[in-house]
Amino acid sequence: MKLGVVSAIFDGWNYDAMIETASRIGFECVEVACWPQGKAERRYAGVSHIDSEHLTKENASHIRSFAADHHLTLSSLAYYPNTLDPDLEKRKWIIEHLYSVIDASQTLGVGMVTTFIGRDQYKPIGENIDEAVEVWHPILSYAQEKGVKIAIENCPMLFGPDQWPGGQNLFTSPVVWNKLFQLLPFSNFGLNFDPSHFVWQQMDYVKAVHDFKDKLFHIHCKDIKLNRDRLAECGVLAYPLDYMTPKLPGHGDVDWGAFVSALTDVGYDGCACVEMEDRFYEGSRERIVDSLKLAYHYLRNFVI
């Protein structure tokens with residue numbers, strides 16, 4: 001298993017500076033943010049360390065060699081939009097960029113794209129599943145031809161009023177995973193599994209590792225602290241951020257020993273990347289780097 005970092009936290013760093021910093025901390029791999037240039041729509045979205053739409057042979061050569069020179073591999077190219085956005089023009093633009101990320105992943109020899117499956121937050125689950133099959137069948141087929149795996153993160157993208165009522169990512173639970181894996185039986189279609197989202201949804205992330213061992217393509221290391229006093233006051237139907245907080249790995253409620261033990265039980269030997277979303281450590285570049293050092297040294301107790 002390789003310990004890495006999601007590059008979205010390095011907002012304002014260019015590719016070279018991001019790679020140098022990740023290498024200096026000790027990480028072995030990087031999941032590289034590839035949003036469209038200058039198109040930030042939300043926190044952590046809009047960071048772009050590789051411009052997939054304008055990738056040249058010269059750029060690709062530098063990207064590969066610079067990472068290798070710093071003893072890093074690229075675990076995946078990351079782009080997390082809503083591919084089922086109810087605005088069809090916006091959806092078309094999103095999917096076009098996703099195709100460019102798939103192309104870049106092939107060109108760079110990465111072979112992985114990490115993303116969301118999306119959701120129309122105003123439609124029920126059944127209608128979204130039907131729409132996901134229609135939208136994703138050609139995308140997965142294209143990626144398979146390119147030799148690229150698609151790893152879907154399980155974040156519900158349901159945090160505040162703008163994502164209410166249904167959230168903007170359908171791929172949130174084992175029930176939905178099983179249904180979509182059945183309806184989209186592509187060998188290159190799998191999970192980018194983040195255990196923290198199971199904490200606040202009150203599901204068993206260890207069981208999920210065992211049940212979906214053949215679909216674990218990539219891992220996110222993020223933590224969540226559940227405020228049970230607030231949960232007791234507002235209930236599970238409140239906005240999730242009313243009763244939980246994203247935290248640095250080791251500062252929340254994920255049992256990292258049990259989680260990594262489960263990964264080793266099933267023989268997972270891919271990449272596990274720290275996804276930093278802890279606001280406490282975002283006051284400056286120095287605090288961001290310090291927080292990543294803390295996360296790195298903490299997770300080294302489990303990932304070697």
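Remember, predicted model here, so these are calculated numbers, not experimental data.
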Donor-acceptor contact below 3.5 Å, side chain [X] vs main chain [Y]:
| X | Y | value |
| --- | --- | --- |
| Thr56 | Asn59 | yes |
| Ser52 | Ala104 | no |
| His197 | Ile224 | no |
| Ser23 | Glu20 | no |
| Asn192 | Thr115 | no |
| Asn154 | Asp194 | yes |
| Asp11 | Val47 | no |

[atom1]-[atom2] distance between [X] and [Y], expressed to the nearest 0.5 angstrom:
| X | Y | atom1 | atom2 | answer |
| --- | --- | --- | --- | --- |
| Asn128 | Gln121 | CG | CD | 10.0 Å |
| Arg24 | Thr21 | CZ | OG1 | 4.5 Å |
| Thr83 | Ile152 | OG1 | CD1 | 7.0 Å |
| Leu84 | Glu131 | CG | CD | 6.0 Å |
| Ile102 | Ile150 | CD1 | CD1 | 4.0 Å |
| Thr114 | Glu153 | OG1 | CD | 8.5 Å |

Does the side chain of [X] reach to within under 4.5 Å of the side chain of [Y], using non-hydrogen atoms?
| X | Y | answer |
| --- | --- | --- |
| Ile117 | Phe189 | yes |
| Leu184 | Val133 | yes |
| Thr172 | Gln201 | yes |
| Pro156 | Trp200 | yes |
| Pro138 | Tyr99 | yes |
| Leu108 | Ile50 | yes |
| Val113 | Phe217 | no |
| Leu74 | Met112 | no |

Joint hydrophobic cluster, [X] plus [Y], side-chain heavy atoms closer than 4.5 Å:
| X | Y | value |
| --- | --- | --- |
| Leu294 | Val6 | no |
| Trp164 | Phe159 | no |
| Met157 | Val236 | yes |
| Met203 | Leu158 | no |
| Phe198 | Leu191 | yes |

Show me the side-chain donor-acceptor pairs of residues 61-69 shorter than 3.5 Å, one per line, residues at least two apart or across chains.
residue : atom : partner : partner atom : Å
His62   : NE2  : Asp16   : OD1          : 2.8
His62   : NE2  : Asp16   : OD2          : 3.2
Arg64   : NH1  : Thr107  : O            : 3.0
Ser65   : OG   : Ser61   : O            : 2.9
Ser65   : OG   : His62   : O            : 3.3

Hey, are [X] and [Y] close enough for a salt bridge, meaning a charged N less than 4.0 Å from a carboxylate O?
| X | Y | result |
| --- | --- | --- |
| Glu275 | Lys222 | yes |
| Glu31 | Lys2 | no |
| Lys92 | Glu89 | no |

Smallest separation among heavy atoms of [X] and [Y], with atom names:
| X | Y | result |
| --- | --- | --- |
| Phe259 | Val209 | CE1-CG2, 3.6 Å |
| Leu72 | Ala22 | CD1-CB, 4.2 Å |
| Lys213 | Val266 | CB-CB, 3.6 Å |

Is it the case that atom [atom1] in [X] sees more than 12 heavy atoms from other parts of the structure closer than 6.0 Å?
| X | atom1 | value |
| --- | --- | --- |
| Arg285 | CZ | yes |
| Ile125 | CD1 | no |
| His71 | NE2 | no |

Report task. Could you walk me through whether Val148 and Leu77 pass side chain to side chain contact (heavy atoms under 4.5 Å, CB included), step by step? Result -> CA-CA 10 Å; Val148 174; Leu77 301 190; over 6 Å; no
Query raised in the report: Which pairs, with at least one residue in residues 259-268 and sequence neighbours excluded, count as a side chain to side chain donor-acceptor pair (under 3.5 Å)?
Result: none
Report task. Could you name each residue pair satisfying side chain to side chain donor-acceptor pair (under 3.5 Å) that touches residues 175-184, not counting sequence neighbours? Result -> none
Cut-off 3.5 Å, side chains only: do [X] and [Y] have a donor facing an acceptor?
| X | Y | result |
| --- | --- | --- |
| Asn301 | Trp256 | no |
| His218 | Ser75 | yes |
| Glu53 | Ser100 | no |

Report summary line: Residues joined to Tyr122 in its hydrophobic cluster, side chain to side chain under 4.5 Å directly or through other members, sorted by chain and number, are none
Query raised in the report: With sequence neighbours excluded, what pairs up with His297 under the ring pair (Phe, Tyr, Trp, His ring centres under 6.0 Å) test?
Result: none
Query raised in the report: When you look at Asp51 and Tyr15, which way does the side-chain hydrogen bond (donor to acceptor under 3.5 Å, both in side chains) test go after all the steps?
Result: CA-CA 10 Å; Asp51 183 356; Tyr15 174 82; over 6 Å; no
Query raised in the report: So Met276 and Leu292, side chain to side chain contact (heavy atoms under 4.5 Å, CB included) or not? Walk me through it.
Result: CA-CA 8 Å; Met276 285 298 301; Leu292 290 172; 3.1 Å; yes
Requested in this report: Check step by step if side chain to side chain contact (heavy atoms under 4.5 Å, CB included) holds for Cys29 and Cys273.
Outcome: CA-CA 8 Å; Cys29 56; Cys273 290; 4.0 Å; yes
[X]/[Y] aromatic ring centres below 6.0 Å:
| X | Y | answer |
| --- | --- | --- |
| Tyr205 | Phe193 | no |
| Phe171 | Phe181 | yes |
| His137 | Phe186 | yes |

Query raised in the report: Between Tyr79 and His97, how do the two ring planes meet: parallel, tilted or perpendicular, split at 30° and 60°?
Result: perpendicular
Query raised in the report: Can you say whether the rings of Tyr80 and Trp35 are parallel (under 30°), tilted (30 to 60°) or perpendicular (over 60°)?
Result: tilted
Query - Full working for side chain to side chain contact (heavy atoms under 4.5 Å, CB included) between Met1 and Leu263 - result: CA-CA 9 Å; Met1 207 181 308; Leu263 291 175; 3.9 Å; yes
Donor-acceptor pairs are to be reported for all side-chain atoms of residues 239-255 against protein atoms at under 3.5 Å, with residues two or more places apart or in another chain.
residue : atom : partner : partner atom : Å
Asp253  : OD2  : Leu226  : N            : 2.8
Asp255  : OD1  : Gly257  : N            : 3.3
Asp255  : OD1  : Ala258  : N            : 3.0

